[in-house]
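Data block below; observations after.
Residue indices begin at 1 and follow the sequence shown.
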Amino acid sequence: MRPDNDALMLLNRLPGVRPAHSSGRRLRRISLLFIAIALACIFLADLALYPTDPWRELGRIGWGFITPYWADSSTLFSALGQTVAFALLALIISVPLGLMLAVFYHWRPVRMLAAAVRSVHEIFWGLLFMQLYGLSATTGLLAILIPYTGVFAKVFAEMFDRQAPEPALAVSPFSSRISRYAYTLIPQSLGEMRSYCRYRFECALRSSAILGFIGLPTLGFHLETAFKQGQYSEAAALLWVFFILIASIRFWLRGWLLPVYAALALWLLPQSPPLGSSYAWQFISQDIWPRALQQGDLSAAAAWYWLEFSQVAWPALLQTLYLTQIALVLTGVIALLCYPLASQAISGRAMRWPGRLLLLIMRSTPEMMIAFILLLLLGPSGLPAVLALALHNGGLIAFLLANHSEQQPQRADDPKGINRYLYLHTPRLYPGFLAFLFYRWEVILRESAMMGILGIATLGFYIDSAFEEIRYDKAFFLIVVAAALNILIDSLSRRIRRRAGADLSAGVG
């Protein structure tokens with residue numbers, strides 16, 4: 001053995017000293033572990049291919065996509081306006097609420113509250129509030145702003161934790177916590193917060209659009225109708241309008257115009273019943289609980305919960321997890337393959353804009369819309385859900401990777417093309433890529449559960465069926481199960497990121 005190797009081995013044995021390549025080894029092991037889990041899940045998940053002939057239908061969809069047409073412009077602009085109105089007003093309300101929770105995020109009850117509200121998908125919140133307020137503005141706003149408040153609380157608190165502590169030393173020790181945040185951490189984080197709010201508005205637009213699948217008058221309602229009737233040119237017109245809306249956010253979303261936009265949004269929203277009503281109290285105090293629990297029969301209530309869990313929740317939970325793990329790994333593969341297409345540093349100027357357009361379409365189209373189209377082509381199984389989740393989230397992560405790839409320092413002797421992709425940029429970006437992929441793990445799980453609204457056998461299918469059967473106690477129990485699973489995955493993801501040393505600031509975030 002050479003002397004330099006002996007010295008390196010002795011150095012690595014010293015307390016607190018790790019080999020230089022230990023972080024890369026951990027990342028590789030974690031990556032291989034998740035790939036192995038996803039491969040095992042392929043044999044357990046419902047990914048059957050049904051005997052269909054998708055090519056004719058795919059041709060019709062493709063032709064409709066390049067020949068968009070919408071006859072009634074007033075209906076189109078009304079749906080577009082309501083989509084923006086729901087998203088904008090929900091964000092205006094949820095940002096200050098999330099900021100307030102972030103200031104007190106060190107309290108365990110606040111963290112638990114934020115985790116609980118963000119772990120329930122907007123569709124499920126919409127189904128709950130629809131029982132109280134019908135297809136109204138109240139339902140749409142609450143369905144978006146409640147989970148987004150939890151998201152903002154978590155993200156803002158993480159931003160505050162990353163700030164330098166020195167400015168806080170200049171504040172009087174007798175100042176209140178709110179004053180210390182207002183004069184130190186919030187000003188330090190303001191640029192990052194503004195950027196995240198702009199990104200979250202894009203997410204809110206997608207959430208607002210898919211609420212149309214449960215009947216609210218947004219773009220998703222008309223899109224579902226057009227696809228079901230085979231009117232693909234009309235569906236394409238809706239999609240292209242949505243893509244243009246997302247792509248143009250940076251041009252028309254200005255802070256000084258927010259009061260004007262808010263006033264217009266209030267005018268565009270449909271009328272709503274008042275928040276308080278006698279039925280609302282009945283729904284909360286009686287309808288969502290099993291009769292045995294209301295009567296005080298705890299043993300019968302426990303037996304009811306166990307029966308629902310073992311016969312309904314557990315099988316659906318497993319299918320949700322299987323699809324999530326496959327979609328997570330496939331998301332990573334798509335992101336790594338697609339990001340060089342949109343990076344000028346790797347593919348050049350000529351390929352950059354087509355690559356950017358591809359990623360815009362992938363990340364702007366809500367997963368539910370992609371899955372709806374794929375269900376028409378591939379039949380009712382978990383495969384459309386996996387592909388939809390992977391395409392959307394892969395496009396989002398690839399977009400972030402492409403941006404950071406173009407920000408990498410360049411030297412005259414750097415390799416070009418495929419060698420730059422394989423040996424320079426991807427190794428540099430991989431820790432941040434893996435961190436953001438695990439950060440999206442929680443989101444992919446929520447979306448997997450929501451895919452049940454389309455008939456896929458995940459938790460959302462049984463939740464939707466329970467609402468249709470007016471079994472609110474069963475629906476609420478299944479929503480709680482979905483939320484608990486989401487909180488568990490979120491906690492596990494955070495621990496894996498810390499153990500691997502992968503941070504969102506390490507290249508993506």
With sequence neighbours excluded, residues passing side-chain hydrogen bond (donor to acceptor under 3.5 Å, both in side chains) with Tyr105: none
Going by the angle between their ring planes, with limits at 30° and 60°, are Phe129 and Trp125 parallel, tilted or perpendicular? parallel
Do Ile210 and Ile453 have side-chain heavy atoms sitting under 4.5 Å apart? no
I want to check something: taking the side chain as every heavy atom from C-beta on, are Phe34 and Ile496 in contact at a cut-off of under 4.5 Å? yes
Where do Leu360 and Ala247 come nearest, in terms of heavy atoms and distance? CD2-CB, 3.7 Å
Are any side-chain N or O atoms of Ser493 and backbone N or O atoms of Phe438, one a donor and one an acceptor, separated by less than 3.5 Å? yes
Quick check against the 3.5 Å criterion: does Ser189 have a side-chain atom that pairs as donor or acceptor with the backbone of Ile186? no
Say whether, by atom type as modelled, one donor and one acceptor occur between the side chain of Ser119 and the main chain of Ala116 under 3.5 angstrom. yes
Contacts of Tyr232 meeting side-chain hydrogen bond (donor to acceptor under 3.5 Å, both in side chains) (sequence neighbours excluded), chain-then-number -> Glu57
Is a side-chain donor or acceptor of Ser364 paired with a backbone partner of Ile361 at a separation under 3.5 angstrom? no
Flag yes if more than 12 heavy atoms outside Arg494 fall under 6.0 Å of its CZ atom; otherwise flag no. yes
Flag, side chain of Trp70 to backbone of Ala236, donor-acceptor distance under 3.5 Å: no
Determine the minimum heavy-atom distance between Ala390 and Ala327, stating which atoms define it. CB-O, 4.1 Å
Donor-acceptor contact below 3.5 Å, side chain Thr83 vs main chain Thr218: no
Tell me, please, which residues at least two apart from Arg111 pass salt bridge (Lys or Arg N to Asp or Glu O under 4.0 Å). none
Any Lys/Arg nitrogen of Glu202 or Arg206 sitting under 4.0 Å from an Asp/Glu carboxylate oxygen of the other? yes
Would you find a donor on one side and an acceptor on the other, under 3.5 Å apart, between the side chain of Ser78 and the backbone of Ser74? no
Contacts of Thr324 meeting side chain to side chain contact (heavy atoms under 4.5 Å, CB included) (sequence neighbours excluded), chain-then-number -> Thr320, Trp441, Ile444, Leu445, Ser448
Quick one: do Glu234 and Gln229 satisfy side-chain contact (heavy atoms from CB on, under 4.5 Å)? Show the steps, please. CA-CA 10 Å; Glu234 286 83 350; Gln229 296 177 352; over 6 Å; no
Per the side-chain hydrogen bond (donor to acceptor under 3.5 Å, both in side chains) rule, what does the pair list look like for residues 377-396, sequence neighbours excluded? Asn393-Arg440
Check whether any side-chain N or O of Glu122 sits under 3.5 Å from a backbone N or O of Leu211 as a donor-acceptor pair, and report yes or no. no
From Thr458 OG1 over to Met451 CE, what is the distance, rounded to the nearest 0.5 angstrom? 8.5 Å
Nearest-0.5 Å distance that lies between atom CZ in Phe124 and atom CG in Leu128: 10.0 Å
Got a sec: does the OH of Tyr199 have more than 12 other heavy atoms crowding it under 6.0 Å? yes
Once rounded to the nearest 0.5 Å, what's the spacing between atom CG of Leu113 and atom CH2 of Trp107? 12.5 Å
Just verifying a value: how many Å separate Ile146 CD1 and Leu141 CG, rounded to the nearest 0.5 Å? 10.5 Å
Would a distance-only check, ignoring hydrogens and angles, find a side-chain to backbone donor-acceptor pair under 3.5 Å from Tyr148 to Ala204? yes
For a quick test of your reading: what N or O donor-acceptor pairs under 3.5 Å do the side chains of residues 470-480 make, sequence neighbours left out?
unit_1 : atom_1 : unit_2 : atom_2 : d
Arg471 : NH2    : Glu308 : OE2    : 3.1
Tyr472 : OH     : Gln131 : OE1    : 3.1

Using modelled atom types and a 3.5 Å cut-off, is there a donor and acceptor pairing between side-chain atoms of Gln163 and backbone atoms of Met159? yes
